[in-house]
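Accompanying notes for the structure given below.
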Amino acid sequence: FIAMLYVATGKTSWVLIGVIGVAAGIAVVSQFLTYVQARFDAWLNAFDPTLMEDRSYQLTQGIFGLAHGGLLGTGLGQGRPYITPVAESDFIITALGEEIGLIGLFAILCLYMVFVSRGLRIGVAGQDDFGKLLSVGLAFTIGLQVFIMVGGVTRVIPLTGLTTPFLAAGGSSLLSNWLIVGLLLRISDAVRRQPRVVIG
């Protein structure tokens, strides 16, 4: 929502107001909702032995898997992703990080970056306001999902229940992500066909 407001208006004040509102909302929600408190507790104290048995077991196992992969990884099919619960969906990044290593994960993140940047470029190149907002919003949605999931499994931010686009198991997630690709391709085609303004 904040990204769309910024694209529509071009005013950074909306971004600042939105970030302050999000921070205030997180502070309030983390104080009153017990399951949010539990997620924050598991995030901040993931290696506490009392939490590792219950709340942060999945998170710590994922981190150990990433550490086991190291720089080059153990090799495809040579890792032990089954030790991390739900490694095929929520923690697919840690499973891949163990087998293809930091270099392979970096390559995957670069592909996501190219995808998001192309979506943003489609929006910037378009002359139609609706197409511009739609393509920027769709590209930002993919980028935000990747940030939340990669940040969650690496303890940069608290873990949430999103899926990693195009990688994690989940039919509805995969379908919606391919719909986003289709919409971006359609908008890109319309941008390419639009008449160019020639200044002579």
Side-chain angles (χ1 to χ4, degrees), residues 1-52 54-63 66-67 84-86 89-94 97 102 105-106 108-124 129-130 132-168 170 172-173 176-177 180 184:
F1 179 71
I2 296 168
M4 298 296 283
L5 272 178
Y6 176 72
V7 171
T9 63
K11 295 182 180 177
T12 54
S13 59
W14 285 113
V15 176
L16 294 175
I17 291 168
V19 168
I20 291 168
V22 167
I26 289 171
V28 169
V29 167
S30 66
Q31 296 299 317
F32 294 108
L33 296 178
T34 55
Y35 72 92
V36 176
Q37 287 176 347
R39 288 198 181 228
F40 267 86
D41 197 24
W43 171 52
L44 295 172
N45 306 305
F47 294 99
D48 184 351
T50 58
L51 293 177
M52 283 177 69
D54 181 25
R55 291 187 212 164
S56 65
Y57 177 77
Q58 184 182 28
L59 180 59
T60 53
Q61 289 302 107
I63 291 171
L66 283 172
T84 305
V86 203
S89 60
D90 287 358
F91 276 71
I92 190 74
I93 289 292
T94 61
L102 182 63
L105 271 185
F106 184 73
I108 290 174
L109 292 177
C110 284
L111 288 173
Y112 278 124
M113 186 179 67
V114 168
F115 180 85
V116 171
S117 66
R118 293 299 297 171
L120 294 175
R121 261 183 97 182
I122 291 167
V124 169
D129 288 340
F130 176 74
K132 180 180 289 194
L133 287 172
L134 183 62
S135 61
V136 168
L138 293 174
F140 191 80
T141 298
I142 297 290
L144 185 64
Q145 280 183 351
V146 172
F147 171 75
I148 289 174
M149 282 315 301
V150 174
V153 300
T154 55
R155 281 190 69 211
V156 173
I157 59 174
L159 192 61
T160 61
L162 287 177
T163 57
T164 308
F166 308 109
L167 294 178
S172 59
S173 170
S176 62
N177 288 323
I180 288 174
L184 285 173

Original post:
Is any side-chain heavy atom of Y112 closer than 4.5 Å to a side-chain heavy atom of T164?
Top reply: yes
Original post:
Which word best sums up how the rings of F115 and F166 line up, parallel for under 30°, tilted for 30 to 60°, or perpendicular for over 60°?
Top reply: perpendicular
**OP:** Please round to the nearest 0.5 Å and tell me the distance separating atom OG1 of T160 and atom CD of Q145.
**Re:** 9.5 Å
Original post:
Sequence neighbours excluded, which residues qualify as side chain to side chain contact (heavy atoms under 4.5 Å, CB included) partners of V156?
Top reply: T154
Subject >> From CZ (R39) to CD1 (I157), nearest 0.5 Å >> reply: 11.5 Å
Subject >> Taking every non-hydrogen atom, the tightest pair across A168 and S89 >> reply: CB-O, 3.3 Å
Donor-acceptor pairs under 3.5 Å, side chain of residues 14-25 to any protein atom, not counting sequence neighbours: which ones?
none

Original post:
Shortest non-hydrogen contact from M149 to D90?
Top reply: CE-O, 3.1 Å
Original post:
Hey, does F91 have a side-chain heavy atom less than 4.5 Å from the side chain of L159?
Top reply: yes
Original post:
Who passes side chain to side chain donor-acceptor pair (under 3.5 Å) against D41, sequence neighbours left out?
Top reply: N45, R55
**OP:** Quick one: pull up CD1 in I180 and CG in L184 and give me the separation to the nearest 0.5 Å.
**Re:** 7.5 Å
Original post:
Quick one: does V7's side chain get under 4.5 Å of F140's, heavy atoms only?
Top reply: no
Original post:
Within a radius of less than 6.0 Å around CZ of F47, do more than 12 heavy atoms belonging to other residues, nucleotides or ligands occur?
Top reply: yes
**OP:** Calculate, to the nearest 0.5 Å, the distance between atoms CD1 and CG belonging to I93 and L109 respectively.
**Re:** 6.5 Å
Original post:
What is the distance from atom NZ of K132 to atom CD1 of I122, rounded to the nearest 0.5 Å?
Top reply: 13.0 Å
Subject >> ring pair (Phe, Tyr, Trp, His ring centres under 6.0 Å) partners of F40, counting only residues at least two apart >> reply: W43
Original post:
Do V116 and V146 come within less than 4.5 Å of each other through their side chains, counting heavy atoms only?
Top reply: no
**OP:** Please confirm whether the backbone N or O of A42 pairs with a side-chain atom of S56, one donor and one acceptor, at under 3.5 Å?
**Re:** no
**OP:** Would you please name every residue forming a side chain to side chain donor-acceptor pair (under 3.5 Å) with T12, sequence neighbours left out?
**Re:** none
**OP:** Please report the shortest heavy-atom distance between Q31 and Q37, naming the atom on each side.
**Re:** O-NE2, 2.7 Å
**OP:** Specify the closest pair of heavy atoms between T60 and Y57, including all atoms of both residues, with the distance to one decimal.
**Re:** OG1-O, 3.0 Å
Original post:
So, for L59 and R155, which heavy atoms are closest and what is the spacing to 0.1 Å?
Top reply: CD2-CG, 3.7 Å
Original post:
Partners of T163 by side chain to side chain donor-acceptor pair (under 3.5 Å), sequence neighbours excluded?
Top reply: S173
Subject >> Exercise: identify the closest heavy-atom pair between L66 and V153 >> reply: CD1-O, 4.4 Å
